[in-house]
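Read the structure below first, then the notes.
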Amino acid sequence: MKSLRQQLTITLLIGFGLLLAAGIGAIYFGTRGMLFREFDATLLTKARALASMTESDGGVVELQLVDELMPEFGRRQREAFFELSLANGSVAARSLSLAGAGLSHGTIRAAKTPQFWDQPLPNGNAGRAVSFIFNPAGEEGEHTASAHSPVTLLVALDRTHLDAHLRVFAISAVAASVLMMIGASLVAAISTRRAFASLAELGQKVAAIDETSLGSRLLCDPFPTELMPICRRLNELLARLDGAFIRERRFSDDVAHELRTPIAELRALADLSLDSELAQEQVVNGFQDALAISRQMEDIVNGLLAIARFEGGRHAIRFEPIALLPFLLDLWRPHAQRAKDKSLKVVLQVSPDIVALSDPASLRVIVPNFLSNAVEYAPVGSEVSISALRIGSTVHLTVTNPAGVLTKEDLSHLFDRFWRKDTARASSSHAGLGLSIAQAAAQPLGVDLTANITEGGLFVISLHLPIVSPESPPGP
Amino acid sequence: MRLLFVEDSERLRRYVGAALKKAGYAVDVCGDGEEGLWSAQTHAYDAIILDLMLPKLDGLTVLERLRASGKQTHVLLLTARDSVEDRVRGLLTGADDYLVKPFALPELLARIHVLCRRGYGTKESSLVVGALEIDTASKTVRLAGKPVELPRREYALLEYLVLRRDEVVSRTEIEAHIHDEFFDATSNIVDSAVCSLRKKITPRGAQPIIQTRRGLGYILASK
């Protein structure tokens, strides 16, 4: 498993290490270059001093007072070396420190401008050498090229001390770098731990949430600003998840409860029948009851399947023009007898020229629920109104009946599955799924389904459908 | 034994009511909570079978009000709610038993039998008074080891008198416990039932086991 903290710590340390190495390297090589330049300057100064002490007298080139003025070239110290060569390659003079040995030019070709290089010294140490060609002065100090043949001076200095200093500097730099890396590792570990502590805390709190604690919420205020949006979003997701779980639980309870009562009826009927000697009439009545119970359970299952079909998008929608008056009259027919039995006054306000654009199959699911509810719950002798009013480019299809015991507080539950005003489930032939099915069928059509109770105590349920104008072509 | 069955499902009222009557109980049925509470407070039932989700007044409220009024009738809650919380709430509200729908009728009858038995402080189904032996579970009667066939109403009367043996039981109490709400209180059905029962359960030449206390009622003496 990848750890963000480890990844960040390692990345920081690698980055810091590279920067440190580059910095220390730059300082080391910069210092080394500076020291070498200073060393070369000293070397050149000594070489030029030697050159100034070189005289040519009648073809004889010699160096004066070297031992007295520059003892480092002497036999004792053996820290500095020179060799003076004539143009023909013969050696005109050598420092005593060479003890008769020669100095090699290596691959360096002598020139009038000073040439520097690293030179292994006869004493076995590493050295630095400079070489240049010059015209030695005459007896009277003249430097004319025509008077005296040019000579090549090669001077080398022991750089053991310089190398030793550089080595100490390098070791110190590496040691300092290692210490800095250790320090940086500690700082990085502590900083990342602190920085990720809030994230780890958030992770622990989220990990502690299970299906039994979905109602709890994370306290976002103590978290850093960067984690606030995550914390808030997690709380939003928790709220939605909690709501979904509550709905699912309630739905499962409702389904179980709705099916338990008819199953209990069937089982009691079966137990009673098996334990009794029934007359032919009782047998027939028992089967009729069993049929009625089966139909009630079938209605519940069909209702749930219808909701699942609409919500799952498995209902194929075909928009077509629908002449509302004949359509509504056709849908009203199954309810007419029941309305007559309850002496309901039915008012139909639908203009014959109104043509809506919708899916007739969906409307055949939605509208009968409005009509069935109105007839079922309207008090005996009251008025049920069915109207279709053209408003702008839509038609408002409305069914109105006296609200009865229904209150405005009930409106928020009206489309809940299995909701009924009376909690007793077996008291009604309605399973409380009708309006849920209607809403599920209305959503894919993209139409509004609204329910309201007027100040006058009327329950109004409406469906807003797009209207077909004479010039508009059919279809969405 | 007289029972009250409060249930909003008309079919369950019919089926369970018929099964209870067949088992020898006098049964009153109600379809909503208000009527159920009124009946429970008005009549002396040996047990009440109460649904929870009832129209007008839910079962728990009925139970609360019943207990608040001082009625100690045994109550069995019969409901589709099966969660532990529902059961606990029901029992803590004052129910004596809890049965979840769907249920087996024999189990319901057994639970009702136990509740009724508990009301008279006995835990045994077999009641013995002298040569008379009554099995309240199988609803059978034996006299000196021989079976005695009794009509349902006479059996109910005998069971009630045996459960209250050595106590004077008034005619009103008998009517309240062995007859349902459709009983005609002006009839002398109790007297004739006692008379008939006395003949069937008294051994030849012996003193009647059920004796009349004039102006008070009847007593079934165990000694």
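Just the heavy atoms: all of them, side chains too, but no hydrogens, waters or symmetry mates, feed the values below. Every chain is numbered from 1 and lettered A, B, ... according to where its sequence line falls, protein lines coming before strand lines.
- Residue B:Asp32: no heavy atom, backbone or side chain, is found under 4.5 Å from chain A.
- With a 4.5 angstrom heavy-atom cutoff, A:Ile293 touches chain B via backbone and side-chain atoms both.
- To the nearest 0.5 Å, the span separating OG1 on A:Thr261 from CD on B:Glu7 amounts to 6.5 Å.
- For A:Ala292, the parts lying under 4.5 angstrom from a heavy atom of chain B are both the backbone and the side chain.
- Looking at A:Asp271, its side chain does come within 3.5 Å of a backbone N or O of B:Leu105 through a donor-acceptor pair.
- Heavy-atom neighbours of A:Lys345 NZ from other residues, nucleotides or ligands within 6.0 Å: at or below the threshold of 12.
- The side-chain heavy atoms of B:Arg11 and A:Gln296, taken from C-beta on, include a pair separated by under 4.5 Å.
- In this structure, the portion of B:Lys22 lying under 4.5 Å from any heavy atom of chain A is its side chain and not its backbone.
- Heavy-atom contacts from other residues, nucleotides or ligands closer than 6.0 Å to NZ of B:Lys199 number 12 or fewer.
- Side-chain contact of B:Tyr15 with A:Asp289: a donor-acceptor pair under 3.5 Å is present, judged by distance alone.
- Counting all heavy atoms, side chain and backbone alike, B:Leu12 lies closest to A:Ala268 at CD2-CB, 3.9 Å.
- Atom CZ of B:Arg65 has 12 or fewer heavy atoms from other residues, nucleotides or ligands within 6.0 Å.
- Remark: B:Thr79 OG1 to A:Arg260 CZ distance equals 8.5 Å, nearest 0.5 Å.
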